[in-house]
Amino acid sequence: MKDIPTTFDFIDCKEEIKMIIDKLTEFSNFYGSNEELVLAGGGNTSAKEGNVMYIKGSGTSLSTITPDGFVRMDRSKIAEIFTKTYPDNDKEREALSLADLMAAKLPDQEEKRPSVETTLHSLFAYTYVLHLHPTLVNGLTCALGGKEKAKELFGDDILWIEPCKPGYILAKICYDTLKEHKEKTGKDADMLLLANHGIFIADNTTEGLGDKLYSVMAKLRNCVEEEPDFAIGDFDGEKGRDIFNEMCDVFGEDSIITYEPSATSLEFARDEESFNKIYLPFNPDQIVYCKPYPVYIENMGEIKEKVEKYKAENGFLPKVLLVKDCGLYAVDYSEKGSSNAAALFNDGMKIAKYSQYFGGTRPMTPELTDFIVNWEAESYRSKQQK
């Protein structure tokens, strides 16, 4: 029979747990404060100690998260999710698997909600896990030749996951992929590239996480010949002001509009053909913060009609408009929402430019886009950002 821990054992255990949580908080804040790696509330982190996993709470920001922002989870109960059979129907499957995930929270954690990717974090056989959506990484994961280029750059060091529905489906595919890799190589995989999504990195030390991340970023950086230009471009200032005023009338006086006439946004707003290159979203974050599709405006007289048509078709107002000769306009009813929409759409334009070095753009399919628009987990995360 296992010896009963002494008082000193309990003290040592508490100190070890505190050290792990402190390290988790520290590296979460560090990476979350780097806009090349994290925008708005994107990304998540975790740490494991015995049967307990500490995971970022949904809707929290890595840059400012504190130890209280992590949710304590029972790893054995999370593991049970992969032994169950769920309905094929999307809504039923996600509701039931979410209920099982919520049931895996430890006592006194009832008011918290774990990250939408908690099940993926649980799959790694390492203490620390870092999941990010860096623009440079997504230039690869959102590219037609991304899988082949990843193989060329990283060999078998990183596993590739093809586009699929997030939530349980993605977690189950990753579960099967990691299991197959372990059976084939005898080793636990420590990195995953998720098409149209981002990267997972795992290690037993926080230093190891950083080494792996920056090695990946350096190899990708070497593939990029020219950076997108987000300096103020050559725009029609008078038209830009008139468009701004018209949008205030259309969206209402309480709307907050972020206007950025960058060279890159002017490039994509040049004509319909240019706009179509950025019309479809590249990843879930774009959908959460920008809504699924932007609107193209050629003349000021089109704004009201196109906005009303968009709302009739989608059930909500657009957040991003690209205007010929003027550039990007991001609209929301809070400064945070407006600035986040602009930041994430700029990110999408960067991804479009980077992907040209990896075989050309591959945006999300309409099916996946529609799934995320209606996915309860992302709806919850979106509400937390307001």
Side-chain angles (χ1 to χ4, degrees), residues 10 12-32 38 41-62 65-84 97-132 166-168 170-179 182 188-192 194 197-209 212-213 377 380-381 384:
F10 280 124
D12 290 341
C13 180
K14 287 181 179 179
E15 289 180 351
E16 185 174 355
I17 291 172
K18 182 179 184 303
M19 180 187 72
I20 287 175
I21 296 175
D22 286 346
K23 283 195 172 185
L24 173 60
T25 305
E26 181 181 10
F27 82 76
S28 298
N29 295 161
F30 176 76
Y31 293 117
V38 176
N44 38 67
T45 55
S46 68
K48 305 179 185 76
E49 170 58 27
N51 191 49
V52 178
M53 182 169 76
Y54 302 86
I55 182 80
K56 174 196 168 189
S58 183
T60 58
S61 172
L62 285 178
I65 195 169
T66 64
D68 289 338
F70 296 97
V71 186
R72 295 192 299 124
M73 307 290 295
D74 185 325
R75 293 177 64 195
S76 61
K77 289 186 177 180
I78 298 175
E80 290 175 5
I81 292 173
F82 296 102
T83 69
K84 296 188 174 184
S97 60
L98 176 61
D100 287 336
L101 181 63
M102 295 300 105
K105 291 187 291 186
L106 288 168
D108 80 3
Q109 301 291 292
E110 288 82 1
E111 299 303 315
K112 297 180 180 180
R113 176 158 172 160
S115 165
V116 298
E117 280 131 359
T118 296
T119 45
L120 276 75
H121 282 257
S122 72
L123 298 176
F124 289 94
Y126 297 88
T127 303
Y128 301 106
V129 179
L130 173 66
H131 171 48
L132 303 174
Y168 176 77
L170 173 60
K172 185 63 168 64
I173 289 174
C174 291
Y175 170 86
D176 292 338
T177 301
L178 291 171
K179 181 180 178 183
K182 179 67 178 288
D188 291 304
D190 58 359
M191 287 191 279
L192 288 177
L194 278 58
H197 193 134
I199 188 169
F200 273 87
I201 301 174
D203 200 90
N204 286 326
T205 69
T206 57
E207 294 79 10
L209 289 178
K212 291 172 184 176
L213 173 62
Y380 176 87
R381 183 162 77 104
Q384 299 303 109

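Every value quoted in this text rests on a predicted model; they were computed, and no experiment measured them.
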Check: Met102 and Arg113 side chains under 4.5 Å, non-hydrogen atoms: yes
Interatomic spacing from CE in Met73 to CD1 in Ile78 - rounded to 0.5 Å: 4.0 Å
Closest approach of Ser58 to Val116 (non-hydrogen atoms, all atoms of both residues): OG-CG1, 4.5 Å
Residue pair Asp188, Leu178: steps toward the side-chain contact (heavy atoms from CB on, under 4.5 Å) verdict: CA-CA 7 Å; Asp188 291 304; Leu178 291 171; over 6 Å; no
Asn51 side chain vs Ser76 backbone, donor-acceptor pair below 3.5 Å: yes
Lys56 to Tyr31 six-membered ring, cation-pi geometry met (6.0 Å, 45°): no
Verdict with reasoning, Leu192 to Leu123, per side-chain contact (heavy atoms from CB on, under 4.5 Å): CA-CA 11 Å; Leu192 288 177; Leu123 298 176; over 6 Å; no
side-chain contact (heavy atoms from CB on, under 4.5 Å) between His197 and Leu170, worked out: CA-CA 11 Å; His197 193 134; Leu170 173 60; 4.2 Å; yes
Glu26 side chain reached by Thr206 side chain, heavy atoms, under 4.5 Å: no
Atom of Thr25, atom of Phe70 and distance for their closest heavy-atom approach: OG1-CE1, 3.5 Å
CG-CE distance between Leu130 and Met191, expressed to the nearest 0.5 angstrom: 11.5 Å
Main-chain N/O of Thr45 paired with His131 side-chain donor or acceptor, under 3.5 Å: no
Geometric class of the Phe124/Phe200 ring pair [parallel <30°, tilted 30-60°, perpendicular >60°]: parallel
Closest contact, heavy atoms only, Tyr126 versus Asn204: CA-OD1, 3.3 Å
Side-chain donor or acceptor of Arg75 paired with backbone N/O of Ser122 under 3.5 Å: no
Atom pair OG1 (Thr177) and NZ (Lys172), whose distance is rounded to the nearest 0.5 Å: 9.5 Å
Leu62 versus Asn44, closest heavy-atom pair with distance: CD1-N, 4.0 Å
Atom pair CD (Glu117) and CG (Leu194), whose distance is rounded to the nearest 0.5 Å: 8.0 Å
Tyr54 to Ile21 - nearest heavy-atom pair and separation: CE2-CD1, 3.6 Å
Atom pair CG (Asp74) and CD (Gln109), whose distance is rounded to the nearest 0.5 Å: 11.5 Å
Exercise: identify the closest heavy-atom pair between Ala202 and Val129: CB-CG2, 4.0 Å
Side-chain donor or acceptor of Lys112 paired with backbone N/O of Asp68 under 3.5 Å: yes
Side-chain donor/acceptor of Lys105 to backbone N/O of Glu111, under 3.5 Å: no
Side chain proximity check, Val52 to Ile17, heavy atoms < 4.5 angstrom: no
Reported NZ-to-CE distance for the pair Lys77 and Met53, which is rounded to 0.5 angstrom: 14.0 Å
Close side-chain approach of Lys212 to Asp203, heavy-atom, < 4.5 Å: yes
